[in-house]
Amino acid sequence: MLARKSIIPEEYVLARIAAENLRKPRIRDRPRKARFIAKNGACNLAHKNIREQGRFLQDIFTTLVDLKWRHTLVIFTMSFLCSWLLFAMMWWLVAFAHGDMDPSTENLRTAQSTPCVTCVRSFTSAFLFSIEVQVTIGFGGRMMTEECPLAITVLILQNIVGLIINAVMLGCIFMKTAQAHRRAETLIFSRQAVIAVRNGKLCFMFRVGDLRKSMIISASVRIQVVRKTTTPEGEVIPIHQVDIPVDNPIESNNIFLVAPLIICHVIDKRSPLYDISASDLALQDLELIVILEGVVETTGITTQARTSYVAEEILWGHRFVPIVTEEEGVYAVDYSKFGNTVKVAAPRCSARELDEKPSILIQTLQKSELSHQNSLRKRNSMRRNNSIRRSNSMRRTNSSLIVPKVQFITPEGSQSASET
């Protein structure tokens with residue numbers, strides 16, 4: 001620090017910093033709007049101040065399925081433990097009421113009467129007998145006799161309750177493991193969407209694919225635009241959803257998702273993007289939600305995959321690169337290029353302006369063709385210059401390798417030339 005102060009004066013440093021601060025314009029970034037749907041398909045919505053909590057208990061099975069795994073496993077374990085303890089207490093009361101717990105009359109009971117449950121002399125043995133009854137283990141040491149009708153009633157009741165608990169908890173775990181969103185993990189969308197010209201129209205496009213070989217039957221794609229709007233009456237709608245059509249040559253709007261597809265939406269008069277240009281896109285407060293629905297071929301369960309694109313994730317004037325090629329009679333898909341795009345010629349105006357002035361598209365295509373030809377000429381000239389330089393360098397190298405001729409003079413005066 002001492003050496004730096006001695007070399008650069010402090011006045012010069014302060015003046016330099018002040019000049020740099022004056023040059024840099026202070027631009028505040030626009031506050032980032034919260035997404036309604038995350039990229040992984042999760043809904044970014046929090047439910048607060050719900051007063052009628054009892055409605056969740058009316059649909060207890062769905063509530064158990066929606067719980068997290070740790071909560072489900074705790075409930076699964078506690079339901080069995082509580083039922084075992086409850087019926088253990090009932091078996092202990094049955095034995096206590098019959099007098100099987102009195103140690104002073106144990107020898108007399110053995111000789112004259114039969115206990116309700118053999119070998120049940122404490123709460124621990126009653127708890128073990130409860131487990132044996134409910135899970136049908138049957139070790140053989142403890143068993144029920146026909147002495148007490150109440151014990152028979154408790155046995156029937158415990159079997160019914162155990163079957164109900166098994167059915168509910170096993171069904172809940174099965175539904176959690178076979179949930180539809182698990183299959184949606186292998187349905188992928190491109191990280192970014194593009195806007196480019198296709199068939200003379202501006203189109204909004206994104207790519208969707210399925211990583212599994214098992215297909216999605218009757219797959220369909222829907223696109224919704226979510227934005228904050230205000231009605232002429234002054235009502236503010238924070239989440240206004242508008243459906244936009246998807247360009248599909250098939251009337252049923254179903255897609256055959258055997259390979260990655262590019263889903264296209266033509267920006268026409270019906271589209272909310274009709275009046276948006278390339279410069280206006282970054283200022284728009286909108287979100288395009290993509291929903292893919294279909295039936296899983298292996299399980300028959302309806303699944304749904306979701307994602308969304310905000311204005312920062314839409315590339316204007318780009319196109320997806322092809323990733324499906326034919327190799328040795330088989331169509332191969334290169335998923336490493338799934339989201340790759342390339343720049344293409346596209347007018348920067350809105351679709352409305354393009355419809356009103358079709359010459360804009362022609363001029364844009366002509367400019368792109370001229371720029372493409374110029375780039376080809378520059379590339380060819382660079383290749384020609386490189387080839388000339390390479391040939392010149394090879395000639396110089398060959399000329400430097402030529403061996404000079406040396407003449408030897410003999411004493412007789414004759415000359416002989418030899419090459420070495």
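Excluded from the calculations below are hydrogen atoms, water molecules and symmetry mates; all remaining heavy atoms, backbone and side chain alike, are included.
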Given Ile314, which of Leu273, Ile276, Ile195 fulfils the side-chain contact (heavy atoms from CB on, under 4.5 Å) condition? Ile195

For Lys343, look at atom NZ and say whether over 12 heavy atoms of other residues, nucleotides or ligands are found less than 6.0 Å away. no

Taking the inter-plane angle between the rings of Phe204 and Tyr309 on a 0 to 90° scale, is it parallel (under 30°), tilted (30 to 60°) or perpendicular (over 60°)? perpendicular

Cys172 and Thr72 have their tightest heavy-atom pair at SG-CG2, 4.1 Å

Heavy-atom count check: over 12 atoms from other residues, nucleotides or ligands less than 6.0 Å from Arg319 CZ? no

Nearest-0.5 Å distance, CD1 of residue Ile165 to CD1 of residue Ile160: 12.5 Å

Shortest non-hydrogen separation from Gly162 to Gln134 and the atoms involved: CA-NE2, 3.7 Å

For Phe96 and Trp92, I'd like to know if the aromatic rings sit close, meaning centre-to-centre distance below 6.0 Å. yes

Looking only at the side chains, is there a donor atom on one of Thr303 and Glu293 sitting less than 3.5 Å from an acceptor on the other? no

Measure from the side-chain N and O atoms of Asn44 to the backbone N and O of Arg35, and report whether any donor-acceptor pair falls under 3.5 Å. yes

Are the side chain of Lys176 and the backbone of Leu67 linked by a donor-acceptor contact shorter than 3.5 Å? yes

The reported gap from OG in Ser220 to CG in Leu257 (rounded to nearest 0.5 angstrom) is 11.0 Å

Quick note, salt bridge (charged side-chain N to carboxylate O under 4.0 Å, His left out) partners involving residues 122-134, not counting sequence neighbours, are Glu132-Arg142

Ignoring hydrogens and angles, tell me if any N or O in the side chain of Ser130 forms a donor-acceptor pair with the backbone of Ala126 under 3.5 Å. no

Under the ring-ring contact (aromatic ring centres under 6.0 Å, His included) rule, what pairs show up with a residue in residues 212-233, not counting sequence neighbours? none

Applying side-chain contact (heavy atoms from CB on, under 4.5 Å) to Ser279 and not counting sequence neighbours gives Ser277

Is it true that the side chains of Arg227 and Gln284 contain a donor and an acceptor less than 3.5 Å apart? yes

With a 4.5 Å cut-off on side-chain heavy atoms, are Leu64 and Val168 touching? yes

Looking at every heavy atom in both Phe338 and Gly209, which two are closest together, and how far apart are they? CZ-N, 3.8 Å

Is there a side chain to side chain contact (heavy atoms under 4.5 Å, CB included) between Arg198 and Ile262 once you walk through the steps? CA-CA 12 Å; Arg198 175 182 280 191; Ile262 297 177; 4.0 Å; yes

Return the CE to NE2 distance between Met205 and His318, rounded to the nearest 0.5 Å. 11.5 Å

Gly234 backbone acceptor or donor facing Thr230 side chain under 3.5 Å: no

Does the side chain of Lys337 reach to within under 4.5 Å of the side chain of Phe320, using non-hydrogen atoms? no

Walk me through it: do Ile301 and Val295 pass the test side chain to side chain contact (heavy atoms under 4.5 Å, CB included)? CA-CA 6 Å; Ile301 300 175; Val295 179; over 6 Å; no

Taking Gln224 for the side chain and Gln241 for the main chain, is one N or O donor matched with an acceptor at less than 3.5 Å? no

Which atom of Glu147 lies closest to which atom of Pro115, heavy atoms considered: CB-O, 4.0 Å

Mind checking whether Phe127 and Trp84 have parallel, tilted or perpendicular rings, split at 30° and 60°? perpendicular

With Thr77, which residues qualify under side-chain contact (heavy atoms from CB on, under 4.5 Å), at least two apart? Leu81

Whether His265 side chain and Pro245 backbone form a donor-acceptor pair below 3.5 Å: yes

Residues Val242 and Pro272: closest non-hydrogen pair is CG1-CG, 4.1 Å

Can you tell me how far CD of Gln158 sits from CH2 of Trp91, rounded to the nearest 0.5 angstrom? 6.5 Å

Do any N or O atoms from the side chain of Ser271 and from the backbone of Asp268 form a donor-acceptor pair under 3.5 angstrom? no

Do the non-hydrogen side-chain atoms of Thr325 and Tyr331 ever get within less than 4.5 Å of each other? no

Return a table of donor-acceptor pairs under 3.5 angstrom between the side chains of residues 346-354 and protein atoms on other chains or two or more places apart.
unit_1: Ser350; atom_1: OG; unit_2: Glu353; atom_2: N; d: 3.4
unit_1: Arg352; atom_1: NE; unit_2: Asp275; atom_2: OD1; d: 2.4
unit_1: Arg352; atom_1: NH2; unit_2: Asp275; atom_2: OD1; d: 3.3

For Glu146, does the CD atom sit with more than 12 other heavy atoms under 6.0 Å from it, leaving out its own atoms? no

All side-chain contact (heavy atoms from CB on, under 4.5 Å) counterparts of Lys269, not counting sequence neighbours: Tyr274

Hey, are the side chains of Leu286 and Val226 touching, using non-hydrogen atoms and a 4.5 Å cut-off? no

Test side chain to side chain contact (heavy atoms under 4.5 Å, CB included) on Ile289 and Arg222; report intermediate values, then the result. CA-CA 8 Å; Ile289 300 175; Arg222 293 187 293 115; over 6 Å; no

Heavy-atom neighbours of Phe61 CZ exceed 12 at 6.0 Å: yes

Ion pair check, Asp210 and Arg212, cut-off under 4.0 Å: no

So, for Leu211 and Tyr335, which heavy atoms are closest and what is the spacing to 0.1 Å? CD2-CE2, 3.7 Å

Any salt bridge between Lys228 and Glu287, counting N to O under 4.0 Å? no

Counting distance only, does the side-chain N/O of Thr307 pair as donor-acceptor with the main-chain N or O of Val290 below 3.5 Å? no

I'd like to know if the side chain of Ser218 reaches the main chain of Gly294, judged simply by a donor and an acceptor atom lying under 3.5 Å from each other, with no hydrogens or angles considered. no

Between CG on residue Leu292 and CD1 on residue Ile216, distance to nearest 0.5 Å: 7.0 Å

Just so I know, are the side chains of Val310 and Phe36 near enough to count as touching, which here means a heavy-atom distance under 4.5 Å? no

Close side-chain approach of Thr124 to Phe129, heavy-atom, < 4.5 Å: no

For side chain to side chain contact (heavy atoms under 4.5 Å, CB included), just list the numbers for Glu185 and Asn40, CA-CA rounded to whole Å, side-chain angles, deciding distance to a tenth of an Å, and then say yes or no. CA-CA 9 Å; Glu185 296 293 334; Asn40 60 356; over 6 Å; no

So do Ile291 and Val221 actually touch side chain to side chain, heavy atoms under 4.5 Å? no

Should Ile267 and Cys203 count as side-chain neighbours, where that means a heavy-atom distance under 4.5 Å? no

Report the distance from atom CG of Leu150 to atom CG of Leu155, rounding to the nearest 0.5 Å. 11.5 Å

